[in-house]
Amino acid sequence: MLDQFKEMKMLHSALYVLLCMALLAPSFYVNNIESHDWGGDFAMYIKQAENIFEGVPQTDNNYIFNEENAVLGPKTYPIGFPLLLAPVYGVQCNDMSSFIDFMALLAVLFGLMVFVLLHDRVHWLLALVVAIGVTYHTTLLFFKREVMADIPFALFALLALFAIDKKKWWLAGISLLLAVLTKSVGLSLLFAAGFLFFLKHPRLKERSVVNLIRQPLFVLIAVVSAGFFLFNNVLFETASSGGYSSVWSEFDAATVISNNLNYYWEFLRWFLFDSISEKPVGSVATGVFLTLSFLGWAIASFKHRGAFEVWFPLYIIILLAYPDHASGLRFLLPIIPLLFLYAATVFNSIHRPFRKVAVLAAAIPFLFTYQRSADLIKDWPKNVDGPQSVNAIAMFDFVKNETEPESAFLFNKPRVLALYTDRASIGNGRYQSQESLINQLDSIPVDYLIHADALWNPGLDTLLQEQKTRTELVYDSLGFKVFRWKH
């Protein structure tokens, strides 16, 4: 009888997963385009994927790191996401539509992971509503056409934590390794796993070393740590940590935390209650939702204290402390499903007859966000201004055909220029001092300056205005000007 009950439960779970897959699959085709915005991160990821496929060292990417513009990005990114992109590059080369289709697939898998995670703890219908609501949210529909590491990181992070709690150690090992290799913040998952290990083994001194290292969680941490070092430092020598220290040193901690609190509050108010976000009731609703989420986390921690409960507050601390406070969904994506999970946890503790109704109430935010998503699904922009535009391609062709291969450039988007022209490039800080900028141009040395009308760069504007005797216009087309820098 018990076996029959388990079989029926597994059958129902499988049917729910299939239903979720069927409902999420159409999102793959929504808002897919053939061009990318100017960005910059995407170009580094694709260049690193190209280097993997071609067998070239990761640091041979023509990106000149500028310590005075460290927020632009490190010399290389962690190897995880480029490894995922390498097969796409191998089949389609630098075809942007193929990369965007790959991101759309990862977004569908992320939505499915949201369903699996919530279904494990709360009513399946709530899990389905949240998975659909998040996957079809306007922000994710726009974000999935960005070739960025955040969607795969969120997918692997949630899968790793889920597998740890379920003691599925092989799955946990693979997904945790992928997460820490995809983004540097993935190391927080290792710290959370380590803390969880100490929580589950409070009397470490009383146990033998041999007994401790046989514990599956300890083995997991050790193997993933070794794998992280092997992939990022031996098999592929990256420089993903370079530059982050200078980013941290430029900001006051109290100011950073205050700015982040304000920014994430505003973003969540819009994300959760779009149509009423500017009204007082929107702030009240957001406050109630977040209160329920943190209360639910406390309840879950008291009852269970698993991997999710340990990592959730740790990741929030990192979010508040990290100086880049304008990333919106990028950084919040891994914990948005957890906010819904923990809000539902509060309702799930209510007396059983009222549980289903109360749990469904946790999905109320999507009533205020569906209209914008529906409008986007009906019609979305098919192209965006960026490196694939006609004018940008013409400028790239000039750089490739009319400048020396060893030339160095200054451009707002140095990693994009490096990808599409194979020229060394540096990006100046927008408010970098003129003295420092000129010193860099002469010491590197930089041979050409590129001005783009669509890319705001007051530092370069000032330089071109004040140093007319040292610049010579050599290319002038719609939207772009290329100047030779005289040494």
Next on the checklist: Less than 6.0 angstrom from the centroid, inside 45 degrees of the normal: does Arg484 satisfy that with respect to the ring of Tyr448?
Outcome noted: no

Checklist entry - Going by atom types only, do Ser425 and Arg415 share a side-chain donor-acceptor pair under 3.5 Å? => result no

Item to check | Closest non-hydrogen atom pair between Arg430 and Pro458, with its separation | outcome: O-CG, 3.6 Å

Checklist entry - So, does Ser98 use its side chain to make a donor-acceptor pair with the main chain of Gln92 at under 3.5 Å? => result no

Item to check | Residues Phe483, Tyr475; criterion ring pair (Phe, Tyr, Trp, His ring centres under 6.0 Å); working and verdict | outcome: CA-CA 7 Å; Phe483 298 85; Tyr475 176 84; over 10 Å; no

Checklist entry - Does Asn412 use its side chain to pair, donor to acceptor, with the backbone of Trp456 at less than 3.5 Å? => result yes

Checklist entry - Can you check whether Tyr342 and Phe312 have ring centres sitting under 6.0 Å from each other? => result yes

Checklist entry - Among side-chain atoms of Thr76 and Thr59, is any donor-acceptor pair under 3.5 angstrom? => result no

Checklist entry - Under 3.5 Å, is there a donor-acceptor pair between the side chain of Gln432 and the main chain of Gly459? => result no

Checklist entry - Going by atom types alone, do Asp95 and Tyr89 pair a side-chain donor with an acceptor below 3.5 Å? => result no

Checklist entry - To the nearest 0.5 Å, what is the distance between CZ (Phe228) and OG (Ser184)? => result 6.5 Å

Checklist entry - For the ring pair Phe271 and His137, is the centre-to-centre distance below 6.0 Å? => result yes

Item to check | Distance-only polar pair, side chains of Thr238 and Gln58, donor-acceptor under 3.5 Å | outcome: no

Next on the checklist: For the backbone of Ser27 and the side chain of Lys144, can you confirm whether one donor and one acceptor N or O come within less than 3.5 Å of each other?
Outcome noted: yes

Next on the checklist: Let me confirm one number: the CG-CG distance from Leu161 to Leu176, rounded to the nearest 0.5 Å.
Outcome noted: 8.0 Å

